[in-house]
**Q** 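Below is one structure. I have some questions about it.
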Amino acid sequence: MATASPPLATAFRPLAAAGGAGGGGAHAVGAAGRVAPRRGRRGFVVRSVASDREVRGPASTEEAVLTSIDSSAIASNIQHHADFTPLFSPEHSSPLKAYHATAKSVFDSLIINWNATYDYYNKVNAKQAYYLSMEFLQGRALTNAIGNLELTGQYAEALKQLGQNLEDVASQEPDPALGNGGLGRLASCFLDSMATLNYPAWGYGLRYRYGLFKQIIAKDGQEEVAENWLEMGNPWEIVRNDVSYPVKFYGKVVEGTDGRKHWIGGENIKAVAHDVPIPGYKTKTTNNLRLWSTTVPSQNFDLGAFNAGDHAKANEAHLNAEKICHVLYPGDESSEGKILRLKQQYTLCSASLQDIISRFESRAGDSLNWEDFPSKVAVQMNDTHPTLCIPELMRILMDIKGLSWNEAWSITERTVAYTNHTVLPEALEKWSLDIMQKLLPRHVEIIETIDEKLMNNIVSKYGTADISLLKQKLKDMRILDNVDLPASVAKLFIKPKEKTGKLLVQSLESIAEGDEKTESQEEENILSETAEKKGGSDSEEAPDAEKEDPVYELDPFAKYDPQLPRVVRMANLCVVGGHSVNGVAEIHSEIVKQDVFNSFYEMWPTKFQNKTNGVTPRRWIRFCNPELSAIISKWIGSDDWILNTDKLAGLKKFADDEDLQSEWRTAKRNNKMKVVSLIRDKTGYVVSPDAMFDVQVKRIHEYKRQLLNILGIVYRYKKMKEMSAKDRIKSFVPRVCIFGGKAFATYVQAKRIVKFITDVAATVNYDPDVGDLLKVVFVPDYNVSVAEKLIPASELSQHISTAGMEASGTSNMKFAMNGCILIGTLDGANVEIREEVGEENFFLFGAHAPEIAGLRQERAEGKFVPDPRFEEVKEYVRSGVFGTSNYDELMGSLEGNEGYGRADYFLVGKDFPSYIECQQKVDEAYRDQKLWTRMSILNTAGSPKFSSDRTIHEYAKDIWDISPVIMP
């Protein structure tokens, strides 16, 4: 235990040849962006696990740091860092100090391969992929890094020699607060697979100082405080002070004498690179995650204002720059919040593209040819957050590099690709055109041109014969929404005015300027042409002089409606500007094609494809569930499955073997015991490891339907209370129902759900009538490290979103891979998981995606009749049994037929009967432990498809057109 460990001063033995204190300084950063090993020390040797050869670093006889990978040498290296890479006072010793020394030791083992990978990519100049994401939910790095280096055993032994315990030391590492949910976790799985499979690929993101937030569960529900993950420093990153780029906001656009557009004035900040190594498993390849922080030069500090006492003004420029990377997803209810979010997105895009272009130019040297850019660079936009890559790349190519529009557009379109992660309308980002115009004026000009060219393409495809169809296509596909049509398109929407008289139609220019009184000659010409085509007064068959000429006006469809906001539809821009659009599960990709982007799919069917998500089997089973991993390797005959998950299918033939089943259950129980301790430490609740562990962990959202889960628990509890003790035991399998996840700080309904869950827990967990038959636990501040404990211990996992609303999900894959059985709807990747593991090994309930629209219409028409059991459970909630909180708003969202926040949009009531009946089947199956264990084994055996290695191979082949680069 950490509390029993000797202090570092005694536990860390002196190093015989530790060298001077200068040997422990920060790694120098070379001009090329690689890490220069410390001078004045002997180099160390790292085994290349891919080839079993040694990679030798620069050598010196002055200092011995790590000359082999045996545990004694590692212990000496850890001691060296404790002494000479200090973050703590020498008289203070703690597991935290041991963690930082250990992390720096592991970092040493990454440096040479990291540098070698960087240099080799430069040398071979192969096409490289760049994955841009607002989130990277990495999880702890220590255990993952030593696992990928195959040094876990050696580090465990080394720390034991030093009086420490690897698990205790690793637990000191805070989770990097760089993401929130599945989007960021997927990105991190992809990085692991890219490195493991030797693909030349980097990640780009932002370095959030305070993350999203640290979640605290208090009396009134969820509270948010800032993350503190950087307070003690981050031993896994190197700041590249020589790699920074200017990023501009505001200002104005002028045309220079060279004919190019110039964006001048405004606010200028600096994006600075922080690099994190991403080691692959059993390979020398160590890729890079580059995170940007934001600042301004020191001269921007107003010393005069400071000395005059205006301290806030003095530091204003620094604060405005640095706050861009303070918080992930800052609240955007205010205009200031919206501007900050847009600044974040543009900073990511601009800094990353400048860096990518700089690398392309450096590698090309004297043979620079911009036509080669798409054959050397692939940019993947992870959701709509990096959409500004498209106009930013256009801006750089045209305004700075001097390319024409057509040249720049061809390059951009062939370089950029888009992954869609949602069908929720609110998640398909729409930015205020007014805010973007103010913040990024040049980009708005570029977007306007893209939009106009798109509309001309739409007109060319659909023609004007069916004007209603053309209107619909323009409405669906335009990038700019509620913005006046350009003259080239607006002229198609001139229609006869109902009353005759003088031509009063305003000009297109005046529409754009908001001046309703001005007419233009161009408008009159358009109207005259229209009149002639329709048989106006100059026609040979003109009516007699007493009959007035027909009068025309501009269709309101072509005009801006001042009652509605003008917006930029970022998802539409992604589809138009990229060469590929992919969904992340088969059902999701079909919804993308047939619903979300159907008009685009009709125009460009070859752009659209599916890439079902995956998770890395290294972190999500090999490292987080070592006992089960050893069992798998024993029964399959090797650990090759870690790199080739297809071999997991070899478990199928042993699914009924009693010995395997016994070992399988033992591993599960041992993992459950760890969660018993976790729950006690984090919540104070004591739960039984003999109960079924029933888990739903994901961000809190109405469509994910944590509300359905907790109402099912309430129904279960109510039925228990109505029975005698004997009947309870006979009727119900003991369960520990575990929740985890964060509700966005301004998402009121989600926070109500969290409060409700914790209120139910406070009642149920102290009820002596039910005892261990039912416990409800909300684990606060759910993150990757918590998931690494919960998932291996889980027996039933709930993936119960409204069908058609979850793009894919990735936690469902992690649970299945670890032998957890799923209960869920036919949504996202659930569909494919059920196909792979077998229908009999998946608990299915609920409406199907094609039914959803009709069910909502039925509700709107007042035809829905709720199940009596659903009405019963709502009434029970309102009875006050769970305390004095008012649940009217929460229960009210499930009632009525229309209105915002009403009418049960996510169909909780519709699916409730099916859900509780399915839960009865779960109980029945769990009572037969032999059957349950067989189902568990077959879930693991059926999970090969859901490795992110398979997903990345598909991206590399079908979208990025990159090949593995094997280090020599």
**Q** Does E413 come within less than 4.0 Å of K453, counting only side-chain N to carboxylate O?
**A** no

**Q** One thing to verify: whether E224 and K751 come together as a salt bridge, which I'm taking to mean a side-chain N less than 4.0 angstrom from a carboxylate O.
**A** yes

**Q** Do T387 and Q345 have a side chain donor and acceptor closer than 3.5 Å?
**A** no

**Q** Is it true that Q344 and R341 share a donor-acceptor pair across their side chains at a distance under 3.5 Å?
**A** no

**Q** Say whether Q706 and K704, considering side chains only, have a donor N or O and an acceptor N or O under 3.5 Å apart.
**A** no

**Q** Would you say the side chains of S599 and K473 form a donor-acceptor pair under 3.5 Å?
**A** yes

**Q** Do the charged groups of K343 and E267 touch, with an N to O distance under 4.0 Å?
**A** yes

**Q** Going by atom types only, do Q215 and Y782 share a side-chain donor-acceptor pair under 3.5 Å?
**A** no

**Q** Could you check whether the rings of Y131 and F190 sit parallel, tilted or perpendicular, using 30° and 60° as the cut-offs?
**A** perpendicular

**Q** Mark yes when over 12 heavy atoms from residues, nucleotides or ligands other than Q594 sit less than 6.0 Å from its CD; otherwise mark no.
**A** yes

**Q** Would you please classify the geometry between the H385 ring and the Y329 ring as parallel, tilted or perpendicular, with 30° and 60° separating the classes?
**A** tilted

**Q** Would one find more than 12 heavy atoms of other residues, nucleotides or ligands at under 6.0 Å from atom CZ of R209?
**A** no

**Q** How are the rings of W409 and W405 set to each other: parallel, tilted or perpendicular (split at 30° and 60°)?
**A** parallel

**Q** Can you give me the closest heavy-atom contact between V575 and F608, atom names plus distance?
**A** CG1-CZ, 4.0 Å

**Q** Looking at K338, I'd like to know if its NZ atom is crowded, meaning that more than 12 non-hydrogen atoms belonging to other residues, nucleotides or ligands lie closer than 6.0 Å.
**A** yes

**Q** When you compare the side chain of E832 with that of N613, does any pair of heavy atoms fall below 4.5 Å?
**A** no

**Q** Can you see which heavy atom on Q222 is nearest to which on A743, and at what distance?
**A** NE2-O, 2.7 Å

**Q** Less than 4.5 Å apart, side chain to side chain, heavy atoms only: is that true for H701 and Y747?
**A** yes

**Q** Under a 3.5 Å cutoff, is there a donor and acceptor pairing between the side chains of N456 and E452?
**A** no

**Q** Ignoring hydrogens and geometry beyond distance, is a side-chain donor-acceptor pair present between D355 and Y130 at under 3.5 Å?
**A** no

**Q** Can you tell whether the side chains of D399 and K261 come within less than 4.0 Å, N to carboxylate O?
**A** no

**Q** Do N382 and H421 pair up side chain to side chain, a donor and an acceptor below 3.5 Å, judged on atom types alone?
**A** yes

**Q** For V247 versus S350, what's the shortest heavy-atom pair and its separation?
**A** CG2-OG, 4.2 Å

**Q** If you count every heavy atom of other residues, nucleotides or ligands that lies below 6.0 Å from K461 atom NZ, does the total exceed 12?
**A** yes

**Q** My understanding is that only residues two or more places apart in sequence, or in another chain, count here; which of them pass side chain to side chain donor-acceptor pair (under 3.5 Å) with S432?
**A** none

**Q** Taking all non-hydrogen atoms of both residues, which atom of V296 and which atom of A321 are closest, and how far apart?
**A** CG1-CB, 3.7 Å

**Q** Cationic tip of K475 within the cone over F557's six-membered ring, i.e. under 6.0 Å and within 45° of the normal?
**A** no

**Q** Between P386 and L132, which heavy-atom pair has the shortest distance, and what is it?
**A** CG-O, 3.5 Å

**Q** Side chains of E889 and S893 only: does a donor on one sit below 3.5 Å from an acceptor on the other?
**A** no

